[in-house]
There are 2 protein chains.
Amino acid sequence: MSTAATPNLHLEDQVCFALYSAARAAQQAYRPLLDELGLTYPQYLVLLVLWEQDGLTVTALGERLHLDSGTLSPLLRRLEAHGFIARERADVDSRRVLVSLTPAGDALRERAADVQRCLLEAVTLAPAELLALRDLSRRFVGPEA
Amino acid sequence: MSTAATPNLHLEDQVCFALYSAARAAQQAYRPLLDELGLTYPQYLVLLVLWEQDGLTVTALGERLHLDSGTLSPLLRRLEAHGFIARERADVDSRRVLVSLTPAGDALRERAADVQRCLLEAVTLAPAELLALRDLSRRFVGPEA
DNA sequence: CTCAATTGAATTGTGCGCAATACTTTAGGC
DNA sequence: GCCTAAAGTATTGCGCACAATTCAATTGAG
């Protein structure tokens with residue numbers, strides 16, 4: 001279809017379009033499940049991090065998710081308004097904002113396990129293919145990320 | 001780390017987070033290149049489709065890109081404001097809006113080939129891995145897509 | 001100690017993505 | 001022809017992403 005000298009510009013051949021479509025398809029698969037928890041997908045990702053390690057700063061959350069404060073500040077404000085997290089300035093350095101789970105936020109953890117199960121059932125790829133997709137995607141992000 | 005009965009909730013193990021991160025990394029790789037053309041990545045995708053087949057309706061564009069009119073209408077308005085496309089109601093059915101390239105939009109096609117070349121150089125994955133990533137992503141989107 | 005530089009978070013502005021709604025045009029049933 | 005239903009697009013509202021800016025708190029050089 002094309003040579004190295006003339007890269008093809010067909011939509012269907014584009015790796016990045018496939019990634020772009022797959023990422024949105026993933027969010028759409030999550031949406032009905034997360035709706036029941038009152039969460040969006042990025043909010044769910046924040047909780048995934050906090051369930052692993054509570055009490056992180058906004059910057060630390062951003063490093064894990066590759067998001068900056070411009071995205072996280074309003075997102076965390078909504079999570080707080082929904083009662084899932086609390087934010088407080090650190091004593092030692094009042095520039096830092098420590099994000100911690102409320103009991104309600106911690107309680108979501110069990111229900112989130114069901115979300116994972118439902119999603120795995122909906123996916124048509126074989127387990128080994130999912131692992132391959134995950135690892136290729138991670139390496140696409142960068143050698144170190 | 002986990003069994004089938006208790007799916008793990010670690011961020012780093014999530015396929016969808018890897019996709020989400022990779023898709024955003026792809027857009028960030030495109031951004032500096034597309035900035036020079038005055039395009040965003042979704043706008044670039046629309047032009048990719050039009051370079052293949054000009055004069056499509058909004059719905060036809062949406063089917064190719066998996067986007068609805070809520071996303072495309074303002075995006076096309078901006079592409080039109082920038083002089084890259086024109087929109088006109090179809091004669092046979094004035095509900096349909098035909099989107100067509102202007103000379104300026106058509107001229108971008110050559111410069112876009114350079115964008116592809118720069119991106120391929122920046123990517124660290126081997127060609128075969130890129131194909132694998134593309135095909136797994138497409139199959140993740142759905143058996144039908 | 002003082003002041004400039006740096007850090008951490010929030011804010012502002014633009015552009016998606018998507019659900020829900022509205023509006024116009026066309027097609028059908030009669 | 002008339003009236004209802006359907007199709008095609010646009011609009012509204014909300015929540016990300018991200019660049020750029022702002023602001024307060026801390027650090028460090030002197």
Side-chain angles (χ1 to χ4, degrees), chain A residues 16-17 19-32 34-35 38-47 56-63 65-82 84-85 87-99 141, chain B residues 16-17 19-32 34-35 38-47 56-63 65-82 84-85 87-99 141:
Chain A
C16 294
F17 173 66
L19 278 174
Y20 164 84
S21 301
R24 287 194 293 118
Q27 288 207 36
Q28 297 206 16
Y30 268 105
R31 191 181 314 279
L34 293 180
D35 275 351
L39 295 174
T40 66
Y41 183 67
Q43 290 168 10
Y44 170 74
L45 291 178
V46 166
L47 292 182
L56 292 174
T57 65
V58 173
T59 299
L61 274 170
E63 286 172 355
L65 299 170
H66 316 307
L67 293 172
D68 66 6
S69 70
T71 300
L72 285 176
S73 283
L75 186 157
L76 294 173
R77 180 184 310 285
R78 286 184 283 269
L79 274 181
E80 186 178 39
H82 282 44
F84 298 136
I85 65 166
R87 293 190 293 174
E88 58 173 350
R89 296 277 171 180
D91 290 343
V92 292
D93 184 346
S94 65
R95 288 172 304 183
R96 296 170 184 255
V97 169
L98 299 177
V99 181
V141 170
Chain B
C16 294
F17 173 66
L19 278 174
Y20 164 84
S21 300
R24 288 195 292 121
Q27 288 208 35
Q28 298 208 14
Y30 268 105
R31 192 181 313 278
L34 293 180
D35 275 350
L39 294 174
T40 65
Y41 183 68
Q43 290 168 9
Y44 170 74
L45 291 179
V46 167
L47 291 183
L56 292 174
T57 65
V58 174
T59 299
L61 274 171
E63 285 173 356
L65 299 169
H66 316 306
L67 292 172
D68 66 7
S69 70
T71 299
L72 285 176
S73 283
L75 187 156
L76 294 173
R77 181 185 310 286
R78 286 183 284 270
L79 275 180
E80 186 177 40
H82 283 43
F84 298 136
I85 66 166
R87 292 190 292 173
E88 58 173 351
R89 295 279 170 179
D91 290 343
V92 292
D93 183 346
S94 65
R95 289 172 303 181
R96 297 170 184 254
V97 169
L98 299 177
V99 181
V141 170

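Sequence lines set the chain letters: A, B, ... in the order given, protein chains first and strands last, and positions in each chain run from 1.
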Donor-acceptor contact present, side-chain [X] to main-chain [Y], <3.5 Å:
{"X": "B:Arg96", "Y": "B:Arg89", "result": "no"}
{"X": "B:Arg24", "Y": "A:His66", "result": "yes"}
{"X": "A:Arg31", "Y": "A:Thr40", "result": "no"}

Any side-chain N or O of [X] less than 4.0 Å from the OP1 or OP2 oxygen of [N]?
{"X": "A:Arg77", "N": "D:dC14", "answer": "no"}
{"X": "A:Tyr20", "N": "C:dG17", "answer": "yes"}
{"X": "A:Thr71", "N": "D:dA17", "answer": "no"}
{"X": "B:Gln43", "N": "C:dT14", "answer": "no"}
{"X": "B:Gln28", "N": "D:dC18", "answer": "yes"}
{"X": "B:Arg87", "N": "D:dA10", "answer": "yes"}
{"X": "B:Arg24", "N": "D:dC16", "answer": "no"}
{"X": "B:Ser69", "N": "D:dT9", "answer": "no"}
{"X": "A:Arg96", "N": "C:dG8", "answer": "yes"}
{"X": "B:Arg78", "N": "C:dC16", "answer": "yes"}

- request: Whole angstrom is fine here: how far is it from CG in B:Leu56 over to P in D:dG8?
  value: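 Taking atom P of D:dG8 as the reference, CG of B:Leu56 is at 14 Å.
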
message: Between P on D:dC16 and CG on A:Leu34, what's the gap in Å once rounded to a whole number?
response: 11 Å

Tell me what [X] touches on the nucleic acid: a base, only sugar-phosphate, or nothing, going by heavy atoms under 4.0 Å.
{"X": "A:Ser94", "result": "sugar-phosphate"}
{"X": "B:Leu72", "result": "nothing"}
{"X": "B:Thr40", "result": "sugar-phosphate"}

- request: Please figure out whether A:Asp91 or A:Pro42 has its closest DNA chain D nucleotide nearer the 5' end.
  value: A:Pro42

- prompt: Considering only side-chain heavy atoms of A:Leu67, which listed nucleotide, D:dA10, D:dC18, D:dG8, is closest?
  reply: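 Nucleotide nearest to A:Leu67's side chain: D:dC18.
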
- request: Please round to the nearest 0.5 Å and tell me the distance separating atom CG of A:Leu19 and atom CD of B:Gln27.
  value: 10.5 Å

